[in-house]
Protein chains: 2
Amino acid sequence: MVFQEERITEIGKKLHQAGMKLTPQRRATVSTLLEYQTKHLSAEELFTLIKQKEPEIGLATVYRTLDLLTELRIADRVTFEDGVARYDLRCEDHQHFHHHLLCSVCGKVEEIHEDLLVEVEQEVLHKYGFKVRDHRLTFHGICAACSKNIKQSN
Amino acid sequence: MVFQEERITEIGKKLHQAGMKLTPQRRATVSTLLEYQTKHLSAEELFTLIKQKEPEIGLATVYRTLDLLTELRIADRVTFEDGVARYDLRCEDHQHFHHHLLCSVCGKVEEIHEDLLVEVEQEVLHKYGFKVRDHRLTFHGICAACSKNIKQSN
DNA sequence: TACACAACTGACAATTTTTTTCATTTTTGA
DNA sequence: TCAAAAATGAAAAAAATTGTCAGTTGTGTA
Ligand SMILES: [Zn+2]
Ligand SMILES: [Zn+2]
Ligand SMILES: [Zn+2]
Ligand SMILES: [Zn+2]
């Protein structure tokens, strides 16, 4: 977990640049987000996990921290079909949010970390004059594993 | 509003095919969705409007109807940054949900009705084995009007 | 017609998720 | 040292959504 510490320190710097502090509660939140990357946890789920490292934390603080991280573009909020807000740490060197594949058979959420939309966004600028700064893209469909299962059962 | 009536009748047929009825409450809901197309109204907002045509309707029925329409793929549920579910009628001949442009300056929501993702979805199939059946794509950025204003004020 | 049955409904209770309030604690910086 | 600012936890409140249930409506059938 050496990288984790580095990453947390780096995020601490970003907070300081914005005139905010990396309190123990915020550190625990960031560290939990790191630990459960790609899990797309909700505020409640995070709260439960964070409490294990930092029992002195309230749910409201978790919400406040997640809001803060989202505003500073350290984390991204994303909502899938259940309507609950979930949180992803933004990859360090990525300008844009990554994409998600939502399997409607097994419910699994996969991530795609290549951009895929560079050309589409140029088209959007030319045709609609809209300057894209970020995006949210989720595909609904059938994942590779489930496709295989369906074929075999025929 | 001739087209509206046609459209409602057509949706009524889809309901009947699924063994359900086009009750006055459901009719009023569909008609309101049609009337406020592209407005992306929430269940509450729709409820207020529907009540004007059909005062004998409860909020729960609006939720139930919207769920039903979503399951039958007559309507689409979409969630923007405020976390509230909003509803769009699906365009008749479209396989996929349309896209949205969210201006972070003026808050306006524009729609894009061309698909744009055909190639991207093929890539997703080839690289990840994921069979796309539908998608949600929202661009965050600055709309044409706001870009112009920003330029002028420099 | 009478009647059984399932679909549908509104009112309201309950639940879930998120935000607000407020008194207290911690940090900062003159 | 001490006042102001920032941050916090607990609890209340608000907002969004779902569940319950008794009553209604429409349909097919005896
Ligand atoms: Zn993700
Ligand atoms: Zn799957
Ligand atoms: Zn739309
Ligand atoms: Zn704008």
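Chain naming here is simple, since letters A, B, ... match the order of the sequence lines and numbering starts at 1 in each. All values reported here derive from a predicted model rather than from experimental measurement.
In this structure, the side chains of B:Phe130 and A:Ile142 stay at 4.5 Å or more apart for every pair of heavy atoms.
Neither side chain, A:His99 nor A:His113, offers a donor N or O lying under 3.5 Å from an acceptor on the other. A:His94 and A:Asp76 share no donor-acceptor pair across their side chains, judged by distance under 3.5 Å alone. Looking at A:Glu114 and A:His98, their side chains never bring a donor and an acceptor atom within 3.5 Å of each other.
Summarising the geometry, the separation between CE on B:Met20 and C1' on D:dT27 is reported as 15 Å, rounded to the nearest angstrom. Distance, B:Phe47 CZ to C:dT9 C1': 13 Å, rounded to whole Å. Between the C1' atom of D:dA16 and the CZ atom of B:Arg86 lies a distance of 12 Å, rounded to the nearest Å. Atom CD of B:Glu71 is separated from atom P of D:dT18 by 11 Å (rounded to the nearest Å). If you take CG of A:Leu59 and P of D:dA12, they are 15 Å apart, rounded to a whole angstrom. Rounded to an integer number of Å, the gap from B:Glu81 CD to C:dT17 C1' is 17 Å. With rounding to whole Å, B:Lys51 atom NZ is found 15 Å from C:dT9 atom P. Protein atom CD of A:Gln25 is 11 Å distant from nucleotide atom P of D:dA10, rounded to whole Å.
Considering only side-chain N and O atoms, B:Thr23 lies nowhere under 4.0 angstrom from the phosphate OP1 or OP2 of D:dT25. Put simply, A:Tyr63 has a side-chain N or O that comes within less than 4.0 Å of OP1 or OP2 on C:dT18.
As judged by a 4.0 angstrom heavy-atom cut-off over every strand, A:Ile57 is placed among residues touching the sugar-phosphate backbone only.
Looking at which nucleotide of DNA chain C each of B:Lys21 and B:Ala60 is closest to, the 5′-most match is held by B:Lys21.
The base of D:dG19 does not come close enough to the side chain of B:Arg64 for any donor and acceptor atom to sit less than 3.5 Å apart.
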